[in-house]
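I'd like to ask you about the structure that follows.
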Number of protein chains: 2
Amino acid sequence: MTKRSYQQDCALAHSADLIGERWTLLLIRDLLVSPRRFNELQKSLKGMGSNLLAARLKELEQDGVIEPYASGDGSRRYRLTVRGRALEPAILGLIRWGYTDSKPDTDKGHHCDDWDLLALKAFFQPGVAANLHLSVQYHGDTLSGWTRIFDGHMTIGLGELDDADLVVQGTVRDLFRGANEPELLLSHGTASELDQYMQSFAS
Amino acid sequence: MTKRSYQQDCALAHSADLIGERWTLLLIRDLLVSPRRFNELQKSLKGMGSNLLAARLKELEQDGVIEPYASGDGSRRYRLTVRGRALEPAILGLIRWGYTDSKPDTDKGHHCDDWDLLALKAFFQPGVAANLHLSVQYHGDTLSGWTRIFDGHMTIGLGELDDADLVVQGTVRDLFRGANEPELLLSHGTASELDQYMQSFAS
DNA sequence: CTGGATCCCTCACGATACTG
DNA sequence: CAGTATCGTGAGGGATCCAG
């Protein structure tokens, strides 16, 4: 069987042929935060059948968007290729668009804290943070992640940073939800650094 | 019946709920070029059932992305709302991504010349054209369109401009396909202006 | 236990025909 | 021209089973 296609000679239709099918965009979102194992993806993409997940992974691999690899502990993981990573600007654009009326907390759907790291990056303003060099570690209940601002760029990831300037005891959402008294969550770093950090995101 | 949703508390999932279903992105692409009538959309979206098109139009209207209106000649047309127009940056990003390996002309799928106006805008570089003020009219076999560069922005549209600086006898694709001798297509305007124009697009 | 493959049922989609 | 009605097909959703 061959994949269905829009059969349109148009760059957008071609993108949609590759990443426009159901679940694909959300799958790539997860991989933009960090490489993942099959099971981790399944946990995040609640409602997606395991057969579909396997099929999508295979299609994306054949299209050169993702690639499997053996991670350190011997387990199979999936990560974005260079071509896949090139989707980030477009996806951040869709996040910005969707955020304007998505009203976090009113949706009451499934939620993973690490998605918020990507949303944070979507609203990061390079101009404001041109000369900022700041690493922030988040310690949530179930998982840890970090953001790093350097040379006008922001990078994000899961796990533990060993050189964090700020350490937040809570999630990204905790921090911005309590934006009036954010320093309550700070377990390491200065309030001034935290203020600079929060100033570098739009609205 | 209620629309299916990813039920994820995530801005990208929310975007995907609104515009992630089959054909929706291509439908919005067409409306980004110009408001359209039902029939025009049907012609462009070959393979999409008319029932589906009607359903999508209704969903998008309810979600505040598009709106129907009575155009001058009394016929019903659909156009993007402000919220719908805000999708343009994200869609241009997807066009840029899809273009890198879509190889126009090798696809041999359905093609409408007006899609190329949007692709042109996707590769427009505001920085290069910061002080450029230039309107270009394209006269294709079946349809006419134009681009206007002003104040670092590009706008596009269908139909006839009455104050075009350059008039190209051909489509956008004709112009860039014959980029070695583009002035052959010029029926009005100078070769110097044309050169400035073509310099303001990436790669 | 992870990383899938297989089956089955349902509904979204695609094609066509029909109506105001 | 602008849709609605109908219906067959296949993609998607959920459970279960199997291999390393």
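The analysis underlying the following values was restricted to heavy atoms, covering all of them including side chains, and did not include hydrogens, waters or symmetry mates. To find a chain, count down the sequence lines: A is the first, B the second, and so on, and within it residues start at 1. The model shown is predicted, which means the values in this text are computed figures rather than measured ones.
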What one should report as the nearest heavy-atom pair of Glu193(B) and Leu134(B) is O-CD2, 3.7 Å

Might you point out which heavy atoms bring Phe38(B) and Ser50(B) nearest each other, and give the distance in Å? CZ-O, 3.7 Å

Whole-Å distance, Glu59(B) CD to dA12(C) P, equals 10 Å

Find the distance Met48(B):CE to dA12(C):P and express it as a whole number of Å. 14 Å

What is the separation between atom NZ on Lys43(A) and atom P on dG3(C), rounded to the nearest whole Å? 10 Å

Contact summary for Ser5(B) and Asp17(B), nearest pair of heavy atoms: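 Heavy-atom minimum between the residues: OG-OD2, 2.9 Å.
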
Is there a side-chain polar atom (N or O) of Lys58(B) under 4.0 Å from OP1 or OP2 of dT4(D)?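 For dT4(D), OP1 or OP2 has a side-chain N or O of Lys58(B) closer than 4.0 Å.
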
Flag this pair as yes if the NZ/CZ of Arg173(B) is under 6.0 angstrom from the six-membered ring centre of Tyr138(B) and inside a 45 degree cone about the axis; otherwise no.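 The answer is no; the distance or angle limit is not met.
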
For residues 39-49 of chain A, which side-chain N or O atoms pair as donor and acceptor with protein atoms under 3.5 Å away, sequence neighbours left out?
residue: Glu40(A); atom: OE1; partner: Arg37(A); partner atom: N; Å: 2.8
residue: Ser44(A); atom: OG; partner: Asp30(A); partner atom: OD1; Å: 3.4
residue: Ser44(A); atom: OG; partner: Asp30(A); partner atom: OD2; Å: 2.5

Any residue in residues 15-40 of chain B with a heavy atom nearer than 4.0 angstrom to DNA chain D? Just list them by number, or reply none. Arg37(B), Phe38(B), Asn39(B)

If you compare all heavy atoms of Leu161(B) against all heavy atoms of Arg148(B), which two are closest, and at what distance to 0.1 Å?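 Where Leu161(B) meets Arg148(B) most closely, the heavy atoms are CD1-NH2, 3.6 Å.
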
Check the angle between the aromatic planes of Trp115(B) and His110(B) and answer parallel, tilted or perpendicular using the 30° and 60° thresholds. perpendicular

Any donor-acceptor pair under 3.5 Å linking the side-chain atoms of Arg79(B) with those of Ser71(B)?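 Per modelled atom types, Ser71(B) and Arg79(B) side chains form no pair under 3.5 Å.
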
Quickly work out the Gln42(B) CD to dT16(C) P distance and round it to whole Å.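 Between P of dT16(C) and CD of Gln42(B): 12 Å.
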
Double-helix bend of the helix from dC1(C)-dG20(D) to dG20(C)-dC1(D), axes at both ends from 5 pairs, round to 10°, gives 30°

Run the side chain to side chain contact (heavy atoms under 4.5 Å, CB included) test on Trp146(B) and Gln137(B) for me, step by step, so that the C-alpha distance in whole Å, both residues' side-chain angles and the decisive distance to 0.1 Å come before the verdict. CA-CA 4 Å; Trp146(B) 51 266; Gln137(B) 177 77 48; 4.0 Å; yes

Applying side-chain contact (heavy atoms from CB on, under 4.5 Å) to Thr24(A) and not counting sequence neighbours gives Ile19(A), Glu21(A), Ile28(A), Arg56(A), Leu60(A)

Criterion side chain to side chain contact (heavy atoms under 4.5 Å, CB included) on Leu27(B) and Leu53(B), from CA distance to verdict: CA-CA 9 Å; Leu27(B) 169 51; Leu53(B) 176 54; 4.3 Å; yes

Please give me the minimum heavy-atom distance between Leu175(A) and Met198(A), naming the atom from each residue. O-CE, 4.0 Å

Scan nucleotides 15-20 of chain D nucleotide by nucleotide, 5' to 3', and note B when protein non-hydrogen atoms come under 4.0 Å of the base, S if they reach only the sugar-phosphate, - if neither. B-----

Specify the separation, in whole Å, of atom CG of Leu52(B) and atom P of dC7(D).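 Taking CG of Leu52(B) and P of dC7(D), I get 18 Å after rounding.
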
Whole-Å distance separating the CG atom of Leu41(B) from the C1' atom of dC1(D):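 The answer, rounded to whole Å, is 13 Å.
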
Between Gly47(B) and Ala55(A), the residue closer to the 5' end of DNA chain C by nearest nucleotide is Ala55(A)

Could you check how far CZ of Arg4(A) sits from C1' of dA15(C), rounded to whole Å? 14 Å

Would you mind reading off the distance between Leu53(A) atom CG and dA11(D) atom C1', rounded to a whole angstrom? 16 Å

Neighbours of DNA chain C within residues 62-81 of chain B, by heavy-atom distance under 4.0 Å: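 The stretch gives none, as no residue of it lies under 4.0 Å from the strand.
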
Kindly give the heavy-atom pair with the smallest separation between Asp165(A) and Ser135(A), and that separation in Å. OD2-N, 2.7 Å

Parallel, tilted or perpendicular: ring planes of Phe201(B) versus Phe176(B), cut at 30 and 60 degrees: perpendicular

